[in-house]
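Here's the structure we're looking at; comments come further down.
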Amino acid sequence: MSVPANLIDGRAIAAQIQSELAARIADLRKRGVVSGLAFVRVGEDPASKVYVGRKEKACAELGIVSETHVLHEQTTENELLALVTRLNGAGHLHGILVQAPLPRQIRESVIYSSVSPAKDVDGFHPVNVGKLMLGDATGFRPCTPAGVVELLQRSGVKTEGAEVVVLGRGNIVGKPMAAMLCQKGRAANSTVTICHSATRDIKSHCLRADIIVAAMGVAEFLKADMVRPGVVVMDVGVNRVPDLTSKTGTKLVGDVDFQQIQPIAGKITPNPGGVGPMTIAMLLQNTVRAAEQSIG
Ligand code: GUN
């Protein structure tokens, strides 16, 4: 079967970014700096294991040295804080990523605030969140929405003056996504509407949109009758749903009904193979920048 012409190939664009980063990593090595990233995983969440595994592999392929700290499910907040403090002070590490979700006894906000802002390659520390709101490019931007911006830019989608609807208001995607696209500047300058669970008529907003970013975590929520022809659709969703035809009895789907919307969209991300690979590419990019900034 041929590949539809309107697909945004996240794997190819991520590979392009990674090859650009390889040159910067080699340059750092020449200057005596080996880029280093620490992963912290608490408990045995199966999805987190897969995600951290993919990130470790991407680091290894690019020459970023990573180390993974695995803590048990009953770890206390203080124990995790002690580890983060140690990693903050480790000179060989330029980035720290504490994989979410964390067990219930640990407050994510406390942990994210404890990571040194200079090593916060997730972009979750309040200092980096604040810099994003202020349009201060010295901060780190959260990887998934930064990846969506990069996909739009590298696919030639014009954001200037565009009507953008962001579905979802989460701290990891929805809110930072809106903040990035409404900034004055390159690959931004959009008119942004955030829709969420209390929005009265989501369909009417979507029907006005030039670009829709779906990040609310509802399987195949966006349907053909909710969009206008030519719309650009970015699907951030990762939802596990029952599937009797698969061996595991489940499958992963996005927040977009791809079968319905692909034929009428101007451009659309496949899922998998769209936004997902970009999240990793942006994490690597943040880590390389953290390493570069460590030597001024
Ligand atoms: N869990 C799901 N997405 C993310 C992410 O971008 N960063 C971290 N640290 N955990 C996550």
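Counting convention: from 1, in listed order, for ligands and their atoms alike. Please read all numbers here as calculations on a predicted model, not as lab measurements. Only heavy atoms go into these numbers, but all of them, side chains included; no hydrogens, no water, no symmetry mates.
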ask   = Could you give the distance from OH (Tyr51) to CG (Asp45), rounded to the nearest 0.5 Å?
value = 9.0 Å
key: Greater than 12 external heavy atoms within 6.0 Å of Leu244's CG   = no
message = Through direct or indirect side-chain contacts below 4.5 angstrom among Ile, Leu, Val, Met, Phe, Trp and Tyr, which residues connect to Ile194?
response = none
inquiry  = Looking at every heavy atom in both Thr269 and Gly274, which two are closest together, and how far apart are they?
reply    = CB-CA, 4.0 Å
inquiry  = Looking only at side-chain N and O atoms, does Asp136 offer a donor or acceptor that is under 3.5 Å from a partner on Thr138?
reply    = yes
Close residues, ligand 1: non-hydrogen atom nearer than 4.0 Å = Leu97, Val98, Gln99, Ala100, Asp122, Phe124
message = Side chains of Thr250 and Arg240: any donor to acceptor distance under 3.5 Å?
response = yes
